[in-house]
There are 2 protein chains.
Amino acid sequence: MGNSKLYKGSLATIILKLLSEQEKMYGYAITQKVKLLTQGELNITEGALYPALHKLEAEGLLEVEVVKVENRFRKYYKLTETGSKESVNKLQELEDYIKTMQLLISPNFNIE
Amino acid sequence: MGNSKLYKGSLATIILKLLSEQEKMYGYAITQKVKLLTQGELNITEGALYPALHKLEAEGLLEVEVVKVENRFRKYYKLTETGSKESVNKLQELEDYIKTMQLLISPNFNIE
DNA sequence: AATATATACATAATTATCTTAGGCATAAAG
DNA sequence: CTTTATGCCTAAGATAATTATGTATATATT
């Protein structure tokens with residue numbers, strides 16, 4: 001995904017957040033949307049994305065609708081009710097993570 | 001470590017940052033300092049910490065000095081020159097990560 | 001005296017998430 | 001005709017944690 005190891009563990013959060021804004025999305029669209037929003041900073045690889053989607057579906061956070069578009073099939077994912085709640089949790093966790101890490105990296109913390 | 005999976009991948013960054021402020025620290029002191037600075041939010045487990053320290057040492061980012069204190073031995077770690085440079089890199093990566101994630105979670109991004 | 005807590009190190013088995021590298025298939029563009 | 005874009009997928013391996021131990025000393029509690 002990213003150039004640093006910090007992105008490990010963030011993919012589910014990203015997916016749930018996108019789907020809380022977007023109603024329904026398919027895998028490839030997710031990769032493109034992330035690339036666009038992050039100005040190319042973050043490229044989600046398919047080897048990470050599809051297993052993550054399948055896992056979220058298996059956990060009941062996402063549901064699938066397969067649609068045929070121009071001789072290709074697309075698997076649209078959308079949040080279930082549980083998934084909708086979990087997306088709120090995950091976003092809170094991300095904000096908490098950022099706050100906690102900022103406590104640790106705030107410069108000269110042991111001088112003040 | 002944390003209550004969320006987001007902390008995965010952050011431990012090396014935390015260790016290097018602490019040692020860029022502190023000159024030298026031993027493992028147990030690192031766990032206590034992190035607990036203190038994060039107001040108990042983040043508790044580094046020993047099973048994560050010691051392997052991480054050993055790895056950073058093996059990579060040449062940390063060097064060790066064993067000191068006997070009150071019949072116990074402590075292993076003090078400090079940054080090598082390489083480790084000092086790498087701590088700057090890791091902090092930059094963390095800031096980049098936070099910025100990128102904020103692009104993704106900024107509310108209503110696809111409305112504006 | 002016995003037990004729990006704090007200090008201080010360590011490793012081993014397991015789990016989770018990702019990377020890397022492939023595979024399958026259609027359509028458009030060079 | 002070969003690359004690029006679209007669109008899905010999985011399998012092997014790497015990496016970083018968790019969880020559960022183990023060792024040892026010192027202090028505080030029951």
Side-chain angles (χ1 to χ4, degrees), chain A residues 1-16 24-36 40 42-59 61-62 64-77 90 93-94 97 100-101, chain B residues 1-16 24-36 40 42-59 61-62 64-77 90 93-94 97 100-101:
Chain A
M1 285 177 68
N3 37 334
S4 98
K5 291 167 188 168
L6 296 169
Y7 288 98
K8 190 159 287 201
S10 330
L11 183 51
T13 304
I14 293 170
I15 293 169
L16 293 177
K24 64 180 181 179
M25 297 184 82
Y26 56 99
Y28 186 73
I30 291 175
T31 67
Q32 299 309 299
K33 183 81 179 177
V34 167
K35 195 182 296 183
L36 183 70
L42 188 52
N43 290 295
I44 295 181
T45 59
E46 297 167 307
L49 177 65
Y50 291 111
L53 287 171
H54 300 161
K55 196 191 170 212
L56 291 169
E57 187 194 351
E59 289 168 348
L61 305 184
L62 302 184
V64 188
E65 184 194 347
V66 180
V67 179
K68 190 149 194 169
V69 181
E70 295 160 15
N71 263 1
R72 283 199 206 88
F73 70 98
R74 284 181 188 162
K75 287 180 73 174
Y76 280 95
Y77 290 88
K90 290 279 194 203
E93 280 179 14
L94 178 57
Y97 168 82
T100 299
M101 291 304 283
Chain B
M1 285 176 69
N3 36 335
S4 98
K5 292 167 188 169
L6 297 169
Y7 289 98
K8 193 157 287 203
S10 331
L11 184 51
T13 305
I14 293 169
I15 292 169
L16 294 177
K24 64 179 180 177
M25 297 183 82
Y26 57 99
Y28 186 73
I30 291 176
T31 67
Q32 300 307 301
K33 184 80 179 176
V34 167
K35 195 182 294 186
L36 184 70
L42 188 52
N43 289 296
I44 295 180
T45 59
E46 296 166 306
L49 178 65
Y50 291 111
L53 287 171
H54 300 161
K55 195 190 171 213
L56 291 170
E57 188 195 351
E59 289 168 349
L61 306 184
L62 301 183
V64 187
E65 183 194 347
V66 180
V67 179
K68 189 149 195 170
V69 181
E70 296 161 16
N71 264 359
R72 283 199 205 88
F73 70 99
R74 285 181 188 163
K75 286 179 74 173
Y76 281 94
Y77 291 88
K90 291 279 194 201
E93 280 179 14
L94 178 56
Y97 169 81
T100 298
M101 290 303 284

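As the structure is a computational prediction, the values presented were derived from the model and not from experiment. Heavy atoms only: backbone and side chains are in, while hydrogens, waters and symmetry mates are out.
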Closer than 4.0 Å, any side-chain N/O of A:Lys5 to the OP1 or OP2 of D:dA14? no
- C:dA27 phosphate, OP1 or OP2, under 4.0 Å from A:Asn71 side-chain N/O: yes
Whole angstroms only, please: what is the [atom1]-[atom2] distance between [X] and [N]?
X: B:Tyr97; N: C:dC18; atom1: OH; atom2: P; answer: 10 Å
X: B:Lys33; N: C:dA8; atom1: NZ; atom2: C1'; answer: 19 Å
X: B:Tyr7; N: D:dA17; atom1: OH; atom2: P; answer: 13 Å
X: A:Leu6; N: D:dT15; atom1: CG; atom2: C1'; answer: 14 Å
X: A:Ile44; N: C:dT20; atom1: CD1; atom2: C1'; answer: 17 Å
X: A:Ile14; N: C:dT17; atom1: CD1; atom2: C1'; answer: 13 Å

For this session: Describe the nucleic acid contact of B:Lys68 in one word from base, sugar-phosphate, nothing, applying a heavy-atom distance below 4.0 Å.
Result: nothing
message = Students often get this wrong, so: under 4.0 angstrom with heavy atoms, is B:Thr31 touching a base, only sugar-phosphate, or nothing?
response = nothing
Looking at every non-hydrogen atom in both residues, tell me the closest pair between [X] and [Y] and how far apart they are.
X: A:Pro51; Y: A:Glu46; value: CD-O, 3.8 Å
X: B:Thr31; Y: B:Ile44; value: CG2-O, 3.7 Å
X: A:Leu11; Y: A:Ala52; value: CD2-CB, 3.7 Å
X: B:Leu6; Y: A:Tyr97; value: O-CE1, 3.6 Å

Between [atom1] on residue [X] and [atom2] on residue [Y], distance to nearest 0.5 Å:
X: A:His54; Y: A:Lys75; atom1: NE2; atom2: NZ; result: 4.5 Å
X: A:Leu42; Y: B:Met101; atom1: CG; atom2: CE; result: 8.0 Å
X: B:Lys8; Y: A:Ser10; atom1: NZ; atom2: OG; result: 11.5 Å

Per-nt protein contacts along nucleotides 6-12 of chain D (heavy atom under 4.0 Å; B base, S backbone sugar-phosphate only, - none) come out as BSBBB--
**Request:** Check whether the side chain of B:Lys8 and the base of C:dT17 form a donor-acceptor pair under 3.5 Å.
**Result:** no
